[in-house]
Amino acid sequence: MDLSGKYYKAFIDRQSAIEKQYSPKQAEKQHSKGKLTAHERINLLYDKNTFEEIDEFVTPADQPVEFGKVDRAYGDGVIVGHGKVNGRLIFAYAQDFTIMGGSLGIVHAKKIAKIQEMALKMGSPIIALIDSGGARIQEGVASLSGYAAIFQNIIHSSGIIPQISVIMGPAAGGAVYSPALTDFVFMVNHTSYMFVTGPNVVKEVLNEEVTAEGLGGAEVHARKSGVAHMIYDDEENTILALKKFLSYLPSNNVENPPVVSDDGSISDVNEKLRDIIPEDPNKAYDVKDIISQIVDRNSFFETSELFGASLVTGFARLTGKTIGIVANQPKVLAGVLDIDSSTKGARFIRFCDAFNIPILTFEDVPGFLPGVDQEHAGIIRHGAKLLFAYSEATVPKITIILRKAYGGAFIVMNSKNLGGDFSFAWPSAEIAVMGPDGAVAILYRKELAESKNPVELKKELVKKYRDKIANPFIADESGYIDEVIDPAVTRKKIISALNALNNKWVKVPARKHGNMPL
Ligand code: HXC
């Protein structure tokens with residue numbers, strides 16, 4: 001084909017115009033801030049030569065009134081398209097900070113909305129690579145309505161296709177709500193930040209000095225607010241982690257997650273599991289040591305690692321199939337459930353339930369965190385979220401009670417009467433209304449007060465309580481759990497249980513939606 005002919009001249013001219021649009025100087029500006037360009041990010045994300053860009057040549061809307069200036073660049077500051085990530089169809093948009101600060105004008109917004117609607121129609125995940133100064137000031141209300149359309153699309157697609165946001169620069173103002181509405185948020189340390197109002201406004205309104213990093217950097221959102229689920233030190237590692245993360249997820253809510261081959265190196269019968277829990281019931285251990293001895297080798301991908309860390313959540317594989325893991329972490333605050341860990345667990349469980357991912361729970365929890373701070377901040381309301389999420393989930397649900405399963409926490413952590421499908425306990429399990437110290441103090445208050453040697457008496461009574469009540473055998477013999485198992489066979493038991501639950505089907509009565517305590 002002769003591309004120099006008159007029919008093709010305009011085509012070629014446009015092609016070379018867009019090539020000239022992206023100067024090395026622009027790229028250098030991004031690189032100097034430790035950031036990649038939007039094109040570089042897309043190239044890193046997608047399998048080689050699979051990305052197809054659409055709407056590459058659209059141009060910004062005309063300014064409604066004369067104020068500031070509009071860069072007439074092709075594409076209007078956002079790359080949108082589709083391609084393959086690890087061989088699967090994925091839609092994405094990447095905002096280009098080098099064009100009007102990646103700000104969102106109406107054309108930019110329509111491009112995003114178009115790709116969101118396509119992703120929903122095709123039942124494919126969508127990734128947002130965000131690097132934007134927010135609503136484009138020059139376009140006024142049009143850009144605000146553009147955001148509204150994007151929010152509406154995210155909400156329509158929620159629970160149907162996985163939606164993931166990666167913050168790779170600023171996300172300011174109301175613009176933070178588009179990532180917040182998606183399923184998972186990745187952030188890059190030191191080069192990304194999210195806040196509703198920036199440091200200048202904070203200074204003006206509250207007379208408080210704070211940097212962008214201190215107000216809404218990756219570490220803050222990963223550790224304190226819980227807005228960010230995963231953070232990494234640079235963009236390359238963030239995108240590589242995102243690609244790995246996607247491999248655990250199904251494309252949509254009517255598909256199952258992809259199955260990968262298991263190298264078989266984790267034995268179904270693993271005697272190491274007998275030695276992880278310390279003899280002393282008050283001694284801590286790392287529940288991740290147990291998880292890694294049960295799931296397929298190196299398959300555990302932790303989510304929200306730094307937030308609500310007394311509860312561990314994440315995806316893993318068993319015989320190559322994705323499972324969601326929720327585990328109390330005795331190493332942090334003795335594994336207690338507080339506000340952060342409750343909301344973290346609830347959100348994770350709801351994601352698993354929406355996307356056909358069975359939930360495996362490891363339980364060792366002394367209860368809900370007591371105290372004025374937690375009560376006043378609403379531990380009742382937030383703890384209820386975890387309870388609601390477990391009970392509402394209809395995917396296969398299996399619990400392994402490792403050690404403490406006291407009181408309300410026993411009920412909450414997927415007990416059988418709350419709809420848990422299988423409940424196994426290790427011989428180290430302590431299942432009772434409350435821990436030995438509390439129980440003895442209430443039941444034997446008078447005797448202890450009158451005793452000449454209350455310390456010795458308490459020790460005796462605590463031992464008696466453990467032997468007679470706080471053990472797994474009573475629950476086993478009365479059918480409140482399914483079986484007390486040898487820790488060594490835990491993987492085998494879980495695999496059999498998941499096989500038995502393969503065709504689990506729960507009919508939920510029609511309703512508009514439940515009313516989770518938010
Ligand atoms: C138009 C914008 C812009 C915006 C940045 N730019 N933000 N243009 N609308 N919102 C342009 C700048 O004018 C500049 O253009 C270029 O992008 C790079 O910006 P700089 O300020 O030079 O970059 P930097 O110093 O890195 O600072 C980045 C920034 C800052 C922190 C994001 O630009 C900023 O504070 N922008 C405004 C953030 C904001 O408040 N947005 C509105 C949020 S309200 P030139 O031509 O000089 O290169 C919102 C409503 C959403 O989003 C509603 C949803 C409910």
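Count residues from 1 along the sequence. Given the structure is predicted, the values throughout are model-derived calculations rather than measurements. Read the numbers this way: they start at 1 and go in the same order the structure lists the ligands and their atoms.
- Scanning the protein heavy atoms around atom 1 (C) of ligand 1, the nearest turns out to be Gln138 OE1, 3.1 Å.
- Residue contacts with ligand 1 do not include Gly198, since none of its heavy atoms lies under 4.0 Å from the ligand.
- Note: an N/O pair closer than 3.5 Å links Gly101 and ligand 1 by distance alone.
- Protein heavy atom in closest approach to atom 52 (O) of ligand 1: Ala135 N, 2.9 Å.
- Close contacts of ligand 1 with Ala172, meaning ligand atoms under 4.0 Å from a residue heavy atom, involve 43 (C), 52 (O).
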Go through the steps for Tyr390 and Phe388 under the test ring-ring contact (aromatic ring centres under 6.0 Å, His included), then give the verdict. CA-CA 6 Å; Tyr390 260 125; Phe388 202 109; over 10 Å; no

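- Nearest protein neighbour of atom 29 (C) of ligand 1, counting heavy atoms only, is Tyr193 OH, 4.5 Å.
- When hydrogens are left out, the protein atom nearest atom 55 (C) of ligand 1 is Phe151 CE1, 3.6 Å; that is the closest non-hydrogen contact.
- Proximity annotation for atom 46 (O) of ligand 1: of Glu139, Gln26, Lys69, Lys69 comes nearest, heavy atoms only.
- Between Phe355 and Phe351, the ring-plane angle classifies as tilted under the 30° and 60° cut-offs.
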Could you go through the side-chain contact (heavy atoms from CB on, under 4.5 Å) check for Val185 and Met230 one step at a time? CA-CA 7 Å; Val185 176; Met230 268 70 72; over 6 Å; no

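- A heavy-atom distance below 4.5 Å is not found between the side chains of Ile231 and His221.
- Under the 4.0 Å distance rule, the nearest protein heavy atom to atom 34 (C) of ligand 1 falls outside the cut-off.
- Between the side chain of Arg381 and the backbone N or O of Leu518, at least one donor-acceptor pair lies under 3.5 Å.
- How far CZ of Phe410 is from CD of Glu363: 7.0 Å, rounded to the nearest 0.5 Å.
- Taking a distance limit of 4.0 Å, we find that atom 26 (O) of ligand 1 is approached by some protein heavy atom.
- Short contacts between ligand 1 and Arg136, defined as distances under 4.0 Å to a heavy atom of the residue, involve ligand atoms 1 (C), 9 (N).
- Scanning all protein heavy atoms for the shortest distance to atom 3 (C) of ligand 1 gives Ser103 CB, 3.9 Å.
- Nearest protein heavy-atom neighbour of atom 15 (O) of ligand 1: Met100 CA, 5.0 Å.
- Per-atom contact check: atom 17 (O) of ligand 1 touches the protein, criterion being a heavy-atom distance below 4.0 Å.
- Both the sub-6.0 Å distance and the 45° axial angle are not jointly satisfied by Arg223 relative to the ring of Phe307.
- Within a 4.0 Å radius of atom 8 (N) of ligand 1, the protein has at least one heavy atom.
- Expressed to the nearest 0.5 Å, how far CD of Glu117 lies from CD1 of Ile112 amounts to 12.0 Å.
- Aromatic ring centres of Phe186 and Phe184: separated by at least 6.0 Å.
- Close placement of the His39 and Tyr22 rings is indicated, their centers lying within 6.0 Å of each other.
- For atom 23 (O) of ligand 1, the nearest protein heavy atom is under 4.0 Å away.
- Closest protein heavy atom to atom 39 (C) of ligand 1: Gly133 O, 3.3 Å.
- The backbone N or O of Pro358 lies less than 3.5 Å from no partner atom in the side chain of Lys397, so there is not a single donor-acceptor pair.
- A side-chain hydrogen bond (donor to acceptor under 3.5 Å, both in side chains) with Gln30 is found for exactly one of Asp96, Asp131, Thr191, Thr37, namely Asp131.
- Between Phe195 and ligand 1 there is no heavy-atom distance shorter than 4.0 Å.
- Counting only heavy atoms of the protein, atom 51 (C) of ligand 1 lies nearest to Tyr147 CD1, 3.5 Å.
- Note: Ile359 CD1 to Asp353 CG = 6.0 Å, rounded to the nearest 0.5 Å.
- Close approach of ligand 1 to Lys33 is summarised as follows: ligand atoms under 4.0 Å from at least one heavy atom of the residue are 26 (O).
- A centroid separation of 6.0 Å or more is found between the aromatic rings of Phe315 and Phe301.
- Between Leu144 and ligand 1, not a single N/O pair is under 3.5 Å apart.
- Each of the atoms 32 (C) of ligand 1 lies under 4.0 Å from some heavy atom of Pro170.
- For Phe97, every heavy-atom contact with ligand 1 shorter than 4.0 Å involves the side chain, none the backbone.
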